[in-house]
Amino acid sequence: MNDSNKNITHDEKIKILTELKKVCSQCSKCELSKGRTNIVFSDGNPDAKIMLIGEAPGHNEDVRGVPFVGRAGQLLDTFLQEHNISRKDDIYICNTVKCRPPENRVPKPDEKKACRKYLDAQIKLVKPEIILLCGSTAVQSFLDTKLTISKIRGQWFENENGIKMMPIFHPSYLLRNHSLEENSPRWLMHKDLENIKSELRKLC
Ligand code: URA
């Protein structure tokens, strides 16, 4: 795909994304394809200003073909709702890989590499203004850093195309950390979402 998608219409965008999803559903570029029930392409609004990139589909996502629909996804939904971010209208959700890794292990570098051109095509078509890198796997895919997610979350970065990117905690981590005390992971997640909302208001 080249820069000719700059002025494509909404209908053309949807058509290309639909074609891309079909290509992904036939993909066998890496080992993960052998174990999948469904590819997990995306959820949400392809016209959204925010794109969220998670790690990889889990069991529920593999069965339903939709990202973030298990326990972690439900917690993510709760956080989004609390900040008035509509999962249907305000955000486009996907993962670093489109097929579930066995035993929910972290996707391997060659698996992420094999899937990357699909993700890059989605970014190019959706043209988000903000990308949320949800968890360390997504962070490592997009930022050249050795910093842990705890050190780097909440900071703004910019990619070569001027898209703002922010690392945020993965909801699986928040499922294991219930506290809402000041500086706890859930408290920090709320802070980050407030920060994202205020950035979003500037873009409107
Ligand atoms: N965790 C992820 O990173 N992505 C999903 O889609 C589900 C759980």
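Every number for a ligand or one of its atoms is a count from 1 in the order of the listing.
In E61, the part holding a heavy atom less than 4.0 Å from any atom of ligand 1 is the side chain.
Remark: K22 does not engage E19 in a salt bridge, criterion side-chain N to carboxylate O under 4.0 Å. The pair E31-K34 meets the salt-bridge criterion, with a side-chain N (NZ, NE, NH1 or NH2) lying under 4.0 Å from an Asp/Glu carboxylate O.
Closest heavy-atom approach to atom 5 (C) of ligand 1 within the set G54, A56, G58, P67: this belongs to A56.
If you take CG on D192 and CZ on R153, they are separated by 4.0 Å, rounding to the nearest 0.5 Å.
Heavy-atom contacts of E55 reach the following atoms of ligand 1: 2 (C), 3 (O) (cutoff under 4.0 Å). Near H170, meaning under 4.0 Å from any of its heavy atoms, are these atoms of ligand 1: 1 (N), 2 (C), 3 (O).
Among protein heavy atoms, the minimum distance from atom 4 (N) of ligand 1 is reached at N95 OD1, 2.8 Å.
Between E111 and the choices R100, R36, R105, R116, the salt bridge (charged side-chain N to carboxylate O under 4.0 Å, His left out) rule is met once, by R105.
Residue S172 places no N or O, backbone or side chain, under 3.5 Å from any N or O of ligand 1.
Although no hydrogens or angles enter the test, the distance criterion places a donor-acceptor pair under 3.5 Å between the side chain of K13 and the main chain of P46.
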